[in-house]
Amino acid sequence: MVYAEGADPISAVLKTGTTVSGPGLCLVNDGTSNTLDLSADGEIAIGISAGDSTRDVDGTLSTAAGATVSFYPLGGVLMVQSEASQTYTTGLLVYVGASGQVIDSDDHSSKVLGIYVGDGASSTSAGDLIPVMTAGAATA
């Protein structure tokens, strides 16, 4: 599966101090600074990272003001990073979890990211990419 077939990533500024290490992390809008941040439990995702955020001259992920990241807006099937020890079955709702990763069940504050559309999977390791139809993401 192509990572985000038919979609082009867009670029945005990250909240100062935030780094994104790789594709598939859930991003949210930080309303106080109009920048992007990694999701936390209970937040509404607006996109999925397309890769690493800005790096400094030494190749280290930058935490400086103005660092950027490319991301895919929600709306189609996107490959998203899972938290560890999650089990997904085809058609299962997937929720926005902590640290930009997703979880397999609602913990009473999590927001729906979409529907798992892959084959039934066994328990995941942190960072495993899973296919999620994000057209059904929560907006409130």
Side-chain angles (χ1 to χ4, degrees):
M1 166 181 269
V2 174
Y3 180 76
E5 187 172 351
D8 291 324
I10 57 177
S11 187
V13 175
L14 282 171
K15 180 179 178 179
T16 301
T18 297
T19 61
V20 174
S21 55
L25 292 168
C26 297
L27 300 170
V28 298
N29 181 47
D30 177 56
T32 58
S33 62
N34 198 29
T35 56
L36 294 185
D37 197 2
L38 290 172
S39 69
D41 197 24
E43 294 184 316
I44 297 171
I46 65 165
I48 306 297
S49 65
D52 292 342
S53 55
T54 307
R55 293 182 178 271
D56 64 20
V57 295
D58 297 323
T60 304
L61 292 172
S62 175
T63 59
T68 61
V69 67
S70 291
F71 73 98
Y72 294 100
L74 300 182
V77 175
L78 296 172
M79 299 300 288
V80 183
Q81 285 192 28
S82 175
E83 288 187 12
S85 304
Q86 306 296 300
T87 303
Y88 302 94
T89 56
T90 305
L92 182 76
L93 290 177
V94 175
Y95 297 85
V96 175
S99 301
Q101 296 177 326
V102 294
I103 55 177
D104 62 4
S105 62
D106 180 11
D107 67 358
H108 306 293
S109 66
S110 299
K111 303 296 183 187
V112 172
L113 179 67
I115 300 169
Y116 177 77
V117 293
D119 294 336
S122 58
S123 184
T124 57
S125 297
D128 285 353
L129 291 170
I130 63 165
V132 178
M133 169 49 80
T134 62
T139 58

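You'll find the side chain of Val117 reaches within 4.5 Å of the side chain of Val77, heavy atoms only. With a 4.5 Å cut-off on side-chain heavy atoms, Ile10 and Ser70 do not count as touching. Between Thr35 and Leu14 there is no side-chain heavy-atom pair separated by less than 4.5 Å. Residues Pro73 and Ile46 form no side-chain contact, since every pair of their non-hydrogen atoms from C-beta on lies 4.5 Å or further apart. Counting heavy atoms from C-beta outward, Leu38 and Leu27 have side chains that approach closer than 4.5 Å. A 4.5 Å side-chain heavy-atom check between Ile48 and Leu113 finds at least one atom pair inside the cut-off.
Of the possible polar contacts, one joining the Ser53 side chain to the Val20 backbone as a donor-acceptor pair under 3.5 Å is found. A donor-acceptor contact shorter than 3.5 Å is absent between the side chain of Ser110 and the backbone of Tyr95. Between the Gln81 side chain and the Gly100 main chain, no donor and acceptor come within less than 3.5 Å of each other. For the pair Gln86 (side chain) and Asp104 (backbone), a donor-acceptor distance under 3.5 Å is present. Although no hydrogens or angles enter the test, the distance criterion places a donor-acceptor pair under 3.5 Å between the side chain of Ser39 and the main chain of Gly97. Under the 3.5 Å distance criterion, the side-chain polar atoms of Asp30 are left unmatched by any main-chain donor or acceptor of Asn34. In this structure, the side chain of Asp56 engages the main chain of Asp58 through a donor-acceptor pair within 3.5 Å. Put simply, the side chain of Tyr88 never gets that close to the backbone of Gly91: no donor and acceptor are under 3.5 Å apart. Without hydrogens or angle criteria, Ser99 side chain to Gln101 main chain gives no donor-acceptor distance under 3.5 Å. The closest donor-acceptor contact from the side chain of Thr124 to the backbone of Glu83 lies under 3.5 Å.
The minimum heavy-atom distance between Ala50 and Pro23, with the atom names listed, is O-CB, 3.7 Å. Residues Val69 and Gly51 approach most closely at CG2-O, 3.9 Å, considering heavy atoms. Smallest separation of non-hydrogen atoms from Tyr116 and Ile130: CE1-CB, 3.8 Å. Ser62 approaches Ala64 most closely through the heavy-atom pair OG-N, 3.2 Å.
Side-chain heavy atoms closer than 4.5 Å link hydrophobic residues (I, L, V, M, F, W, Y) into clusters, and following such links, even through other members, never connects Val96 to Ile44. Leu92 and Leu74 fall within the same hydrophobic cluster, where Ile, Leu, Val, Met, Phe, Trp and Tyr residues are linked whenever their side-chain heavy atoms come under 4.5 Å apart, directly or through other members. Transitive grouping of hydrophobic side chains (ILVMFWY, heavy atoms separated by less than 4.5 Å) keeps Val102 and Val28 in distinct clusters. Cluster annotation: Leu36 is not connected to Leu61 through the hydrophobic network of ILVMFWY side chains, with a link wherever side-chain heavy atoms come within less than 4.5 Å.
Within the model, atoms NZ of Lys15 and OG1 of Thr63 stand 13.0 Å from one another, a figure rounded to the nearest 0.5 Å. Within the model, atoms CZ of Arg55 and OG1 of Thr19 stand 9.0 Å from one another, a figure rounded to the nearest 0.5 Å. Here the straight-line distance linking atom CG of Leu93 with atom CE of Met133 works out to 13.5 Å at 0.5 Å rounding.
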The test is side chain to side chain donor-acceptor pair (under 3.5 Å); show your working for Thr134 and Tyr72 and say whether it passes. CA-CA 11 Å; Thr134 62; Tyr72 294 100; over 6 Å; no
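Under 3.5 Å, the side chains of Thr18 and Asp37 contain a donor-acceptor pair of N or O atoms. Checked by atom type, the side-chain pair Thr68/Thr54 shows a donor-acceptor distance below 3.5 Å.
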